[in-house]
Each structure stands twice: as C-alpha cells, then as structure tokens.
*Asks:* 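Below you'll find the structure I mean.
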Amino acid sequence: MTERIVEELRPFFDPKAVAIIGATNKKGKVGNVIFENFKRNKERGIFKGNIYPVNPKLDEIDGYKVYHSVRELPDDTDLAVISIPAPFVPATMRDIAEKGIKAVIIITGGFGELGEEGKKLECEILEIARANGIRIIGPNCVGVYVPDTGVDTVFLPEEKMDRPKSGPIAFVSQSGAFAAAMLDWAAMAGLGIGKMVSYGNKIDVDDADLMDYFLHDDKINVVTFYIEGVKDGRKFMESAKRITRVKPVVALKSGRTEYGARAASSHTGSLAGSDKIYDAVFKQTGIIRAEDFEHMFDLAKAFAALKDKLPKGDRIGIITDGGGAGVMASDAVAKFGLRMAELSEETIKFLREHFPPHAVPGNPTDVVGDTDAERYRIALEGFTRDPNVDAIVVIVLFQVPLLEEEKVIEILADYQRKSDKPIVAVAMGGRKTSRYARLLEEKGVPVYPTPERGVRAMAGLVRYAEHLGKLKGE
C-alpha cells in the first residue's frame, strides 16, 4: 500500500510538467509569484520539467506560451497548481480529470475554514478527485517546496522570504504562515529542509499519506509536523507506527487549550480534539512531541545529524568551561527525565592525571575558564571511553581567553565522527559565538544556545532510542 502512495505523491515533489492555473503577469499576485518561482528555478537549472501557465485572458508571460484552458495543456502535465477564486475550482477540477492530471495543489482559500458553503465546495472537489484517481494537497495552503527539484509553490516572493538549502529534514505544516516563517527561519539558521508540505484544510492528502511517502524517501532522516487536528485517527496511528520503526517523527500539536482549539477550527476547519488523547497516541506510536517551535527544530537538528548514532541509555555526561552552565545542564538532565552518568574510577583517575590541579574532574567535568582546546580533548577522551556514559553534552564558552576556537571545533567534530556516543554542543553568546557554532554544525555537531535546550534535544534522542528498543523486545 505504501508503494502505491509513493507513486501517487511523486508528482507533487518531482513533476515532469507543472500547470499553473491562474498564472498572471501582475507582479505580487499569487499566480505570478508561483510562476516566477518555477521560472527562476528553471533558469537556475534546478527545475527540469516543463512550465505551462494557464490563463484565458493572456497569450504569453515572460516569453512562456499561456494556455487558455486546462483542456489545451500538453499531455506530459502531471501536476496542476490552482490559484483561482474558490467558486471556479470545481469546474477546473472537472477539466483536470478529463485531461488525466493526477496531482493537484489547491492554493486558494475560501473553503471549509469559512463554514458550510465552503465545506460544500470541498465535498464537490473531493468527489471529482475520488472518482478520477486524483490526489489533492490543500486547499487553503502554500503547497510544496523541494530545493532539490525546484518545486516551489510558496507564494511569498524571494525578496520577502529566504528559501533554505536542501537537507535531511521534512517539514509538514497545516498552517501556511507557519510553514513560510519556518522556511525563512531555517534559511537564516543554516538548517537544511529537503521537503516542505503545507496542506491547509487537507481534504485529501494528509499526515498519514505523507508519513508513508517519507518512510520510503532515502533523503529524509526526520519528519517534523505542525498539526492542528487529525481526521482519521486509525489511519494516522498505523502510518506513524510504520515510519517510526525506521525514522523519527517530531510533532508540534497546537489547539491544546479551549481557546487554541477554537482558533484551529476557524483557521483550517480542524477539530483539535482532546489533548490527552493526542499525548497518548504520540507515546503509543513513538512520535516525539515538541512543546514549542524552538523545541521542534532543536529536535529536528539533533535527529538530522545523529539519527544513526542514538544513545544506548539515558546516562548523560556533561563537560563545561563554565561552572554555572554545568549546574544549569545538570538541572535540565533531571527536568527532562534523564540521569547524570556516574563516571568510572578509571575515568576520574585519567582526568586527574591529565588536568591541572584546579580543573574539576567529575560529572559535570569543569575544564574551567583558563582552558585550552587540549583540556576538552582530554575530557572527551575520558567520557567517550567510559562505559557508564551514554551521551555527552559539551558546553563551550568560546569567550574564554586561551581557548583556540578552530582547534576545539576540530576536536569536537573528530570525537563526533569516531565515537559511537552522540555529542551535542552548547555555545552561549552573541554574534562571534554564533559564527563558531555555525562552523561546528557544518562539521556534524548540533549546537544549542542554552544548556536547557541542548539537554532537551538530547532527551528526544534518548526517547526515540527507547522506542526502538521496545520494538526490538516485541
């Protein structure tokens, strides 16, 4: 069944030819921005397919022939993007069905989120789709973004929203605004997004379909969701159980309160449902629940780098060059249900022999404020060899005077590569620190701006490892 889903959804991510229904030459209009996105990616050599603008009132846009109707489109069209007013969509869907196009993204709003009339339109569209084997993303969405293939239906122009580079994270969002903000934020943070899907009212393609698709997508290591509500709970659970056996899923579920649930209903027509039920479903299926936007991306960053290097237990070792930061990290270990590792006598002895007298061996190990990079190497050597340590949080205050920044970055990256234990780093500071953090992340070490966020991300790795352990024991 999942193989069929892969075939059905493939044109959304890598079409042979895209029809942009509602394309226009009026700058800033939704149909124009989407056309410009594909045109620009075609000129850059990223989008390899054909681009067919559709508009009954135009003959050409920027040198591209404009088709006056869907019926005139060439036969290689396998994706249609609709950005025309809602009342005209059902008739267009009939033309799409007649043409044999099987994948449709409906950007247009004005459907179920507005009430009964909009819901009737949705039912009519879905009836046409089901009768003709058409899959729909939307309506009321920003659609799909795939940097590797050049698919980009996000109707916010490049001068207002940066696009992130490609990477191993898939992001699925019910909210279009949230999806756009996330892409912009990911671009600024240097975080790679392999595929983004904003599905709005999700009358057809839903979370479960996308989980089944990403299960088979070798370029994706972790799938992150922003969810307001789930319509088919059984289908969702079955798909979640399938994918979490292979790769982690992180979900940020909104509508947790009465006020939020009411807002979700008016936003995408979602029934948010009992938060306790969602909590139970996530635990049962192995989905890691994110508490907020930051948590979701902290987890995504950790899994993107460390999916194949999960901790073997929950015993955390902490290395720091600032005592206060070590205390904060220790508190976070307790807060997120982890344990501080008890270092072996052999490790303590090794650290004492190689440290100056004023450095503090133990857990946390404090290499103190006059540290150089070598002290970090000694601490990492001890912690990575110690059988009592499952995972390591390394706090680097780059501001200390004798620390050779490039050298400590190389040491951390080296131990990340050669150790079977996951390492996350914490770097607190401003502009200069963020530059070193970016260099460290480029070498495969996820970096967080506070001890609490670093430990919380590590806790996500531990929980997913525990889930896989339970599956092995079944």
Side-chain angles (χ1 to χ4, degrees), residues 9-84 92 95-96 99-108 135-138 141-167 170-171 176 179-180 183-184 186-187 192-198 213 217 219-220:
L9 300 195
R10 184 170 285 128
F12 289 112
F13 304 107
D14 191 12
K16 296 186 191 78
V18 60
I20 301 159
I21 300 162
T24 174
N25 54 7
K26 291 176 184 169
K27 298 294 174 192
K29 289 279 190 183
V30 169
N32 180 258
V33 175
I34 294 169
F35 168 74
E36 290 284 345
N37 290 346
F38 279 98
K39 176 174 168 275
R40 183 175 54 247
N41 287 337
K42 180 88 171 168
E43 286 164 359
R44 289 171 179 169
I46 306 166
F47 184 68
K48 310 287 188 198
N50 292 316
I51 303 167
Y52 303 135
V54 179
N55 187 319
K57 297 174 182 172
L58 295 172
D59 295 320
E60 68 93 32
I61 305 173
D62 290 350
Y64 278 77
K65 176 186 174 180
V66 176
Y67 296 84
H68 290 163
S69 75
V70 169
R71 291 185 292 277
E72 293 177 18
L73 285 167
D75 291 339
D76 63 343
T77 312
D78 54 352
L79 173 63
V81 182
I82 298 178
S83 66
I84 57 175
T92 301
D95 289 345
I96 284 167
K99 191 70 200 171
I101 300 165
K102 300 296 184 189
V104 179
I105 300 172
I106 305 176
I107 303 293
T108 312
R135 299 310 307 263
I136 297 172
I137 287 176
C141 69
V142 299
V144 176
Y145 169 76
V146 188
D148 287 337
T149 62
V151 173
D152 184 353
T153 68
V154 182
F155 54 83
L156 296 119
E158 259 197 353
E159 60 268 21
K160 293 198 172 188
M161 191 204 90
D162 287 331
R163 268 64 172 170
K165 63 182 181 180
S166 180
F171 179 66
L183 289 177
D184 205 16
I193 304 290
K195 292 179 176 71
M196 184 286 294
V197 181
S198 150
Y213 181 86
D217 189 334
K219 290 184 176 177
I220 297 301

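Nothing here was measured: the structure is a model prediction, and the numbers come from that model.
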*Asks:* Answer yes or no: does atom NZ of Lys29 have more than 12 heavy-atom neighbours from other residues, nucleotides or ligands under 6.0 Å?
*Replies:* no
*Asks:* In the structure I gave you, are the side-chain heavy atoms of Leu156 and Leu183 within less than 4.5 Å of one another anywhere?
*Replies:*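 Leu156 does not reach Leu183 side chain to side chain.
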*Asks:* So Lys16 and Leu79, side chain to side chain contact (heavy atoms under 4.5 Å, CB included) or not? Walk me through it.
*Replies:* CA-CA 8 Å; Lys16 296 186 191 78; Leu79 173 63; over 6 Å; no
*Asks:* Would you call Asp76 and Tyr52 a side-chain contact if the rule is heavy atoms closer than 4.5 Å?
*Replies:* yes
*Asks:* Taking 4.0 angstrom as the limit, do Asp75 and Lys99 come out as a salt bridge?
*Replies:*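 Between Lys99 and Asp75 there is a salt bridge, with a charged N closer than 4.0 Å to a carboxylate O.
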*Asks:* Would you indicate whether the side-chain heavy atoms of Met196 and Val142 approach each other to under 4.5 Å?
*Replies:*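 Val142 reaches Met196 side chain to side chain.
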*Asks:* Decide yes or no for Val197 and Phe171: does some side-chain heavy atom of the first lie under 4.5 Å from some side-chain heavy atom of the second?
*Replies:* no
*Asks:* Heavy atoms, side chains only, cut-off 4.5 Å: are Phe47 and Val18 in contact?
*Replies:*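 Yes, close enough: below the 4.5 Å cut-off.
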*Asks:* Can you check whether Asp184's main-chain N or O pairs, donor with acceptor, with Asp162's side chain at less than 3.5 Å?
*Replies:* no
*Asks:* Short question: side chain of Tyr145, backbone of Pro164 - any donor-acceptor pair under 3.5 Å?
*Replies:* yes
*Asks:* With a 4.0 Å cut-off on N to O distance, would you call Arg44 and Glu158 a salt bridge?
*Replies:*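 Yes, charged N to carboxylate O under 4.0 Å.
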*Asks:* Okay, side chain of Lys102, backbone of Asp78: is any donor-acceptor separation there less than 3.5 Å?
*Replies:* no
*Asks:* Between Asn37 and Asp152 (side chain of the first, backbone of the second, donor and acceptor by atom type, cut-off under 3.5 Å), is there such a pair?
*Replies:* yes
*Asks:* Do Asn55 and Ile61 come close enough that some side-chain heavy atom pair is under 4.5 Å?
*Replies:* no
*Asks:* Side-chain contact, heavy-atom cut-off 4.5 Å: Phe13 with Val144?
*Replies:*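 Side-chain contact under 4.5 Å: yes.
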*Asks:* Would you please test Asn25 and Asp62 for side chain to side chain contact (heavy atoms under 4.5 Å, CB included) and show each step?
*Replies:* CA-CA 8 Å; Asn25 54 7; Asp62 290 350; 6.0 Å; no
*Asks:* Under the criterion side-chain hydrogen bond (donor to acceptor under 3.5 Å, both in side chains), I'd like the reasoning laid out for Thr149 against Asp14: C-alpha separation, chi angles, the key distance, then a yes or no.
*Replies:* CA-CA 6 Å; Thr149 62; Asp14 191 12; 4.9 Å; no
*Asks:* Before giving the answer on side chain to side chain contact (heavy atoms under 4.5 Å, CB included), spell out for Asn32 and Phe155 the whole-Å C-alpha distance, their side-chain angles and the decisive distance to 0.1 Å.
*Replies:* CA-CA 8 Å; Asn32 180 258; Phe155 54 83; over 6 Å; no
*Asks:* Determine whether the aromatic ring centres of residues Phe35 and Tyr64 are separated by less than 6.0 angstrom.
*Replies:* yes
*Asks:* Do the side chains of Val54 and Thr92 get nearer than 4.5 Å, heavy atoms only?
*Replies:*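 No, their side chains stay 4.5 Å or more apart.
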